[in-house]
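Step one of this worksheet: look at the structure below.
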Amino acid sequence: MSIGIKPLGARVVIEQVEVEKKTQSGIVLAGTTGEKPQFAEVVAVGPGTEDEPMQLKVDDKVIFSQYAGTPVKYNGVEYIIMNQRDILATIED
């Protein structure tokens with residue numbers, strides 16, 4: 001599925017995802033701190049470059065640097081376009 005944004009070079013497009021916080025007893029807490037999550041799903045990847053090959057793929061779950069990237073709104077959805085090097089880690093389910 002294409003979202004209509006194709007990143008260039010070693011850039012990726014991510015969409016932030018809400019992470020549920022649970023207490024030890026299993027109660028789900030609503031996010032009340034106002035902080036945006038640093039967890040996201042990769043929705044588009046560029047081809048990479050000779051110096052920086054693309055290591056990510058669509059649907060990867062990632063953790064990214066808090067102030068990295070450029071937020072964009074496209075077709076009513078908020079995305080962040082950032083360099084691959086601003087992705088800190090992938091999350092394995």
Side-chain angles (χ1 to χ4, degrees):
M1 176 181 106
S2 173
I3 61 164
I5 300 173
K6 183 174 167 117
L8 302 175
R11 290 183 183 85
V12 297
V13 180
I14 61 171
E15 184 175 359
Q16 289 180 289
V17 294
E18 279 297 320
V19 176
E20 289 183 346
K21 293 183 181 176
K22 290 185 181 182
T23 64
Q24 268 189 322
S25 60
I27 298 172
V28 177
L29 303 173
T32 56
T33 62
E35 293 179 17
K36 288 195 172 188
Q38 289 176 248
F39 298 93
E41 184 172 318
V42 177
V43 294
V45 297
T49 64
E50 195 173 299
D51 295 332
E52 188 176 356
M54 184 54 62
Q55 295 178 292
L56 299 167
K57 61 187 182 312
V58 173
D59 294 331
D60 277 351
K61 309 283 189 284
V62 297
I63 301 170
F64 62 96
S65 294
Q66 186 173 5
Y67 299 106
T70 301
V72 296
K73 192 169 189 174
Y74 183 75
N75 286 337
V77 181
E78 292 184 20
Y79 300 104
I80 300 174
I81 300 173
M82 66 176 51
N83 288 308
Q84 175 180 234
R85 67 180 169 268
D86 292 324
I87 302 291
L88 303 174
T90 58
I91 301 170
E92 297 177 2
D93 290 330

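On a predicted model such as this, the values are computed, not experimentally measured, just so you know.
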Q) Can you name the residues that form a salt bridge (charged side-chain N to carboxylate O under 4.0 Å, His left out) with K61, not counting sequence neighbours? A) E41
Q. Do V43 and Y79 touch side chain to side chain, with heavy atoms closer than 4.5 Å?
A. yes
Q: For P47 and P7, work out which heavy atoms get closest and say how close.
A: CD-O, 3.9 Å
**Q.** Selection residues 42-52 - residue pairs positive for side-chain hydrogen bond (donor to acceptor under 3.5 Å, both in side chains), sequence neighbours left out
**A.** E52-Q84
**Q.** Sub-4.5 Å side-chain heavy-atom contact between V13 and V42
**A.** no
Q. Rounded to the nearest 0.5 Å, what separation is found between the CG atom of D86 and the CD1 atom of I80?
A. 10.5 Å
Q: Test I81 against I5 for side chain to side chain contact (heavy atoms under 4.5 Å, CB included), laying out the working first.
A: CA-CA 9 Å; I81 300 173; I5 300 173; 4.2 Å; yes
Q | side chain to side chain contact (heavy atoms under 4.5 Å, CB included) between L88 and F64, worked out | A | CA-CA 5 Å; L88 303 174; F64 62 96; 5.6 Å; no
Q | Side chain to side chain, M82 and T70, heavy atoms closer than 4.5 Å | A | no
Q. Considering only heavy atoms from C-beta outward, does the side chain of V62 approach that of I91 to under 4.5 Å?
A. no
Q: Please round to the nearest 0.5 Å and tell me the distance separating atom CZ of R11 and atom CE of M54.
A: 9.5 Å
(Q) Under the rule for salt bridge (charged side-chain N to carboxylate O under 4.0 Å, His left out), what residues qualify as partners of E15, not counting sequence neighbours? (A) none
Q.
Is there a side chain to side chain contact (heavy atoms under 4.5 Å, CB included) between I87 and V12? Walk through the geometry before answering.
A. CA-CA 9 Å; I87 302 291; V12 297; 4.3 Å; yes
Q. Taking atom CD of E78 and atom NZ of K73, what is their separation to the nearest 0.5 Å?
A. 5.5 Å
Q: With sequence neighbours left out, write down each residue that passes salt bridge (charged side-chain N to carboxylate O under 4.0 Å, His left out) with K57, or none if nothing qualifies.
A: D60
